[in-house]
Every structure is written in structure tokens, then in C-alpha cells.
Amino acid sequence: MMDRTPLPAEFYTQPTLELAKALLGCLLIKETPDGTAAGYIVETEAYKGPEDMAAHSYNNRRTKRTEVMYAGPGFAYTYLMHTHCLLNVVSAEKDKPEAVLIRAIEPAEGISLMKERRKMDNLKNLTNGPGKLTKALGVTMEDYGRLFSEPPLILAEGYTPAEIAKGKRIGIDNSGEAKDYPWRFWVKGSPYVSRHQIESS
DNA sequence: CGGACGATTCTCT
DNA sequence: GAGAATCGTCCGG
């Protein structure tokens, strides 16, 4: 049985870009009545709030959807995009709407359950996208506003990535100059990331 | 109340 | 690499 002691609250208080990198290798766990599924985070993107045109919280936009981004570090921000649920870790201090999007994980536990949910058998295609991993883990809008420090949604220590790569964020071409910020991070060489080609130093 | 719009995914070509 | 699917949220009237 792997260690699933939740990460301490202090973990989430580091600057958003640091947190985005620190989350790589961490174990994301979701418990449901059907069973437990978990995976190591291998890809993240940072969204930095008021000054980040790509962020939902750009210009301090505050709606029912983005409200939890203002709640302080360590909360889960889930939202729907084209019928898919996407998962973020809220960062920064209270009233500063910043967050880290979880874009891909490496399957670790409950793999047969994840395959069943995704209706596929290909391990590398199971959780290599923000909408794919939530479906595989069973993360839904019911997780909106939950803390990552207690069941059924937990972030725990995993492994330390040998090397971290970074590049432009994905899917935000309509975000002015913010689209070029190198705020996407991934575990270099991992076969479980969502894209392989785009890379910059 | 209607219309536009995605921090996506899948299926082709 | 392009295009469709598809639906909740947000904003304007």
C-alpha cells in the first residue's frame, strides 16, 4: 500500500509557478464507492489571476464558477469544458485568484477501474489530458470547493522528477501575449503527458 | 431568454 | 491537423 498521507497545508502556500512545478510527481487520489484510483501528476499549467489574460480570473473576474479561486490555497477548482470536467489546485493567498491546472497523470492505482471508466485499455491514453484524467479518477463537479487534504480527494507525496521541462500553455490562443508565457510544466520524458513536441528552455 | 463561447476530446484525412 | 460534437456558464437584451 502506498503512502497517502496528505500534503501539509504549507505546501500550497508557495508561489503559483513554484507550486505548479512542485506538484509534478505528487500522487493524486480519488476515492469513490466504486473504488480508489490514483496517479502521479506529470503535467501542470499555472494560471495567475488578474494579470493573466488566459485565466478565468483575469481582471479579477468573479463569478459563481471562479469563486473558489478566491478561497485561498489548497482548494479544488473544478469546472466544465465541452462536457469534460477539469481539475485545478487553487494557490496563492486568500482573495488572490491563482490556480494550477492538472493536465496529466501517470496511472498508479485502480488501473482496471480507470480503464473501465474510460472504456479503453491503452495505459498511455488513459489519463494524458485534463479531461481524461478526471474521468478516469472519477473527479466531478461534486469535488468543487473540496480540500485536497482529506478524503475523498487527496494529494500526497509521490516521487521527485529527475528533470522538469517547461513550455507554452495549451489551448489558449485567444489570450493575447499571455498565450506565450512558459507556464506549462511536465516531467521530462514521461510517456503520460498530453503533448510531447512543444518545448522551450 | 437567447446566443456566443470555450484551460477538450475523438475521429477522421 | 482540421472539424464536429455538445452543454453549462456568462452576458446582453
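FYI, side chains are in, hydrogens and waters are out, and symmetry mates aren't considered; it's all heavy atoms of this structure. Every chain is numbered from 1 and lettered A, B, ... according to where its sequence line falls, protein lines coming before strand lines. Here the structure is a predicted model, which is why all the values come from computation and not from measurement.
- What separates CD of A:E43 from C1' of B:dA7 is a distance of 12 Å, to the nearest Å.
- Atom NZ of A:K119 and atom P of B:dC10 are 12 Å apart (whole Å).
- Under a cutoff of 6.0 Å and an axis angle of 45°, A:R146 and A:F75 do not form a cation-pi pair.
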query = Under a 3.5 Å cutoff on both atom distances, Watson-Crick or G-U, what's the dot-bracket for DNA chain C ([ ] crossing, | other strand)?
reply = |||||.||||||.
task = Report the C-alpha separation of A:K64 and A:E67 in whole Å, then their side-chain angles, then the decisive distance to 0.1 Å, and conclude whether the salt bridge (Lys or Arg N to Asp or Glu O under 4.0 Å) test is met.
result = CA-CA 5 Å; A:K64 183 182 174 187; A:E67 188 60 35; over 6 Å; no
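- Per the geometry, CZ belonging to A:R169 stands 15 Å off P belonging to B:dG6, to the nearest Å.
- The distance between atom CD1 of A:I172 and atom C1' of B:dG6, rounded to the nearest whole Å, is 13 Å.
- The CH2 atom of A:W186 sits 20 Å away from the P atom of B:dA7 (whole-angstrom rounding).
- Between the C1' atom of B:dA7 and the NZ atom of A:K168 lies a distance of 16 Å, rounded to the nearest Å.
- Both A:G171 and A:R118 lie near DNA chain B, and the one whose nearest nucleotide falls closer to the 5' end is A:G171.
- Regarding A:D173, its CG atom lies at a distance of 10 Å from the P atom of B:dT8, rounded to whole Å.
- Side-chain contact of A:E43 with A:S194: a donor-acceptor pair under 3.5 Å is present, judged by distance alone.
- Ion pairing between A:R4 and A:E109 holds under the 4.0 Å rule for side-chain N and carboxylate O.
- With rounding to whole Å, A:L133 atom CG is found 13 Å from B:dT9 atom C1'.
- Backbone-only engagement by A:R103 is indicated by non-hydrogen atom pairs under 4.0 Å involving sugar-phosphate atoms exclusively.
- Between A:K115 and A:D121, at least one side-chain N (NZ, or NE/NH1/NH2) sits under 4.0 Å from a carboxylate O, which counts as a salt bridge.
- Figure legend: A:R169 and A:Y47 shown as a cation-pi pair, the cationic atom lying under 6.0 angstrom from the six-membered ring centre and within 45 degrees of its axis.
- Counting only N and O atoms by type, the side chains of A:K124 and A:N128 include no donor and acceptor under 3.5 Å apart.
- A heavy atom closer than 4.0 Å to some atom of DNA chain C occurs in A:R61, A:T63, A:K64, A:R65, A:L80, A:H82, A:T83, these being the qualifying members of residues 58-94 of chain A.
- By the rule that hydrophobic residues join a cluster once side-chain heavy atoms approach within less than 4.5 Å of another member, A:V100 and A:M53 end up as members of separate clusters.
- Under the 4.5 Å side-chain criterion, counting only non-hydrogen atoms from C-beta, A:I102 is not in contact with A:N88.
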